[in-house]
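A short write-up of the structure that comes next.
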Amino acid sequence: DDKEAARLIRLVLEKGYHPFDMIIIVLLHTGMRRGECCALFWDDIDFENNTISISHSIKYLTGRGIFDDTPKNESSVRVIKVGQTVMDMLREYRVWQEGEADKLGDKWENSGRVFTSEKGGVINPDTVSSWFHKFVISNDLPYVSIHSLRHTHATILISSGVPITTTAKRLGHTTAATTTKVYAHTIASVDAKAAEFMDSILPVMPAGMN
């Protein structure tokens, strides 16, 4: 939930390190898939308009290794808005990355990616998942997979009253119906709160109970 997610961010900022801390924050704030996040180029980040463009994904297959792939479906190609705080952190992170490139000199692989391996190459999505798994265990956090951060993002949006259509667009779902089906439980909980809210705002006293 939102409180656990906020605690995760605090711990990541306190005990995590680049690039993994920024990956976790971006995943929580955007709801993008792990492979989409690893595939981001700096050209996909629009600092002027605070947006991130998602148009490709990184995958890993045994025997083939790491490779660039198209997104899951057509709707996965999208542009999403990102908060100012996260954009400012990405700016600072970019400065750090440039410093790492200077240290390595000719040994730096200039992939142009936002999140890279230690030498600047494409980062394996499985490496991100492995790091997160160890981080969760070592910090006594509720066990969640890296993909759960996507669900956390969606659940927080829906619980906060963000329209399903907007949530679906951010997640890259084909239709809002997909989002409604996946998050039916969360939607039902919000609906129950809405009923309680209406009861409190417009109380009805049946005849004979005055």
Side-chain angles (χ1 to χ4, degrees), residues 1-10 12 22-41 44-59 69-90 114-115 125 128-129 132 136 141-204:
D1 58 25
D2 54 346
K3 291 181 180 178
E4 291 172 330
R7 178 173 173 241
L8 170 60
I9 288 178
R10 286 196 299 272
V12 162
M22 282 306 306
I23 291 175
I24 300 307
I25 290 170
V26 168
L27 288 175
L28 275 171
H29 276 261
T30 65
M32 69 175 71
R33 300 175 180 91
R34 177 190 69 167
E36 294 171 340
C37 189
C38 292
L40 290 175
F41 287 95
D44 296 322
I45 313 295
D46 186 339
F47 288 103
E48 184 176 343
N49 296 301
N50 286 9
T51 61
I52 296 179
S53 298
I54 302 167
S55 58
H56 33 266
S57 181
I58 288 293
K59 292 184 179 179
D69 197 15
T70 55
K72 188 174 182 180
N73 48 57
E74 288 185 11
S75 58
S76 294
V77 177
R78 61 203 188 277
V79 178
I80 55 179
K81 200 80 173 177
V82 182
Q84 187 64 54
T85 301
V86 175
M87 296 302 287
D88 289 343
M89 291 179 71
L90 281 170
V114 176
F115 304 115
V128 178
S129 294
F132 186 65
V136 165
L141 288 162
Y143 177 74
V144 290
S145 67
I146 198 79
H147 190 69
S148 296
L149 303 183
R150 176 172 165 83
H151 295 310
T152 297
H153 177 79
T155 300
I156 291 174
L157 291 182
I158 295 170
S159 299
S160 300
V162 174
I164 292 296
T165 51
T166 300
T167 302
K169 183 178 179 181
R170 289 181 69 86
L171 295 176
H173 284 165
T174 305
T175 66
T178 301
T179 312
T180 301
K181 181 179 180 180
V182 174
Y183 299 99
H185 178 72
T186 302
I187 293 170
S189 298
V190 173
D191 191 37
K193 290 180 181 178
E196 294 174 3
F197 176 74
M198 290 304 297
D199 245 358
S200 65
I201 297 299
L202 298 176
V204 178

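For reference, positions follow the sequence shown, starting with 1. Nothing here was measured: the structure is a model prediction, and the numbers come from that model.
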Item to complete: For S148, check side-chain hydrogen bond (donor to acceptor under 3.5 Å, both in side chains) against everything at least two apart and list the hits.
Response: S145
Practice prompt. Check side-chain contact (heavy atoms from CB on, under 4.5 Å) between A176 and all other residues, then give those that pass, not counting sequence neighbours.
Written response: I164, T165, A168
Fill in: Residue pair L149 / L8, side-chain heavy-atom distance below 4.5 Å
yes
Response to the item:
salt bridge (charged side-chain N to carboxylate O under 4.0 Å, His left out) pairs touching residues 160-189, sequence neighbours excluded, are none
Discussion item. Just to verify, what does R34 make a salt bridge (Lys or Arg N to Asp or Glu O under 4.0 Å) with, not counting sequence neighbours?
Written reply: D126
Item to complete: Taking side-chain hydrogen bond (donor to acceptor under 3.5 Å, both in side chains) as the test, write out the residues that go with R78, two or more places apart.
Response: E36
Discussion item. As an exercise, state the distance from OG1 of T152 to CG of L157, rounded to the nearest 0.5 Å.
Written reply: 10.5 Å
Could you pull out every donor-acceptor pair under 3.5 Å between side chains of residues 50-58 and any protein atom, sequence neighbours left out?
from, atom 1, to, atom 2, distance (Å)
N50, ND2, Q84, OE1, 2.8
H56, NE2, A39, O, 3.1
H56, NE2, D44, OD2, 3.3

Discussion item. According to side-chain hydrogen bond (donor to acceptor under 3.5 Å, both in side chains), who are the partners of T166, at least two apart in sequence or on a separate chain?
Written reply: none
Discussion item. Checking H151 now: which residues fulfil ring pair (Phe, Tyr, Trp, His ring centres under 6.0 Å) with it, not counting sequence neighbours?
Written reply: H147, Y183
Worksheet item: How about L141 and F132: do any of their side-chain heavy atoms sit closer than 4.5 Å?
Response: no
Worksheet item: With R7, which of K3, E4, R10 fulfils side chain to side chain contact (heavy atoms under 4.5 Å, CB included)?
Response: R10
Worksheet, complete the sentence: Between L90 and F115, the two heavy atoms sitting closest are CD2-CZ, 4.3 Å
Worksheet entry | Counterpart residues, salt bridge (Lys or Arg N to Asp or Glu O under 4.0 Å), relative to D88 (two or more places apart) | R91
Response to the item:
Here the gap from H153 atom NE2 to I158 atom CD1, rounded to the nearest 0.5 Å, amounts to 9.5 Å
Response to the item:
Residue set satisfying side-chain hydrogen bond (donor to acceptor under 3.5 Å, both in side chains) with T167, at least two apart, ordered chain then number -> none
Fill in: Chi angles and distances behind the side-chain contact (heavy atoms from CB on, under 4.5 Å) call for T179, V182
CA-CA 5 Å; T179 312; V182 174; 6.0 Å; no
Worksheet item: Can you name the closest pair of heavy atoms from G172 and S75 and give their distance?
Response: O-OG, 2.8 Å
Discussion item. Ignoring hydrogens, what is the shortest heavy-atom contact between I156 and A5? Give both atom names and the distance.
Written reply: CD1-CB, 4.3 Å
Distance-only donor-acceptor pairs under 3.5 Å for side chains of residues 23-32, two or more places apart:
from, atom 1, to, atom 2, distance (Å)
T30, OG1, V26, O, 2.6
T30, OG1, M32, N, 3.3

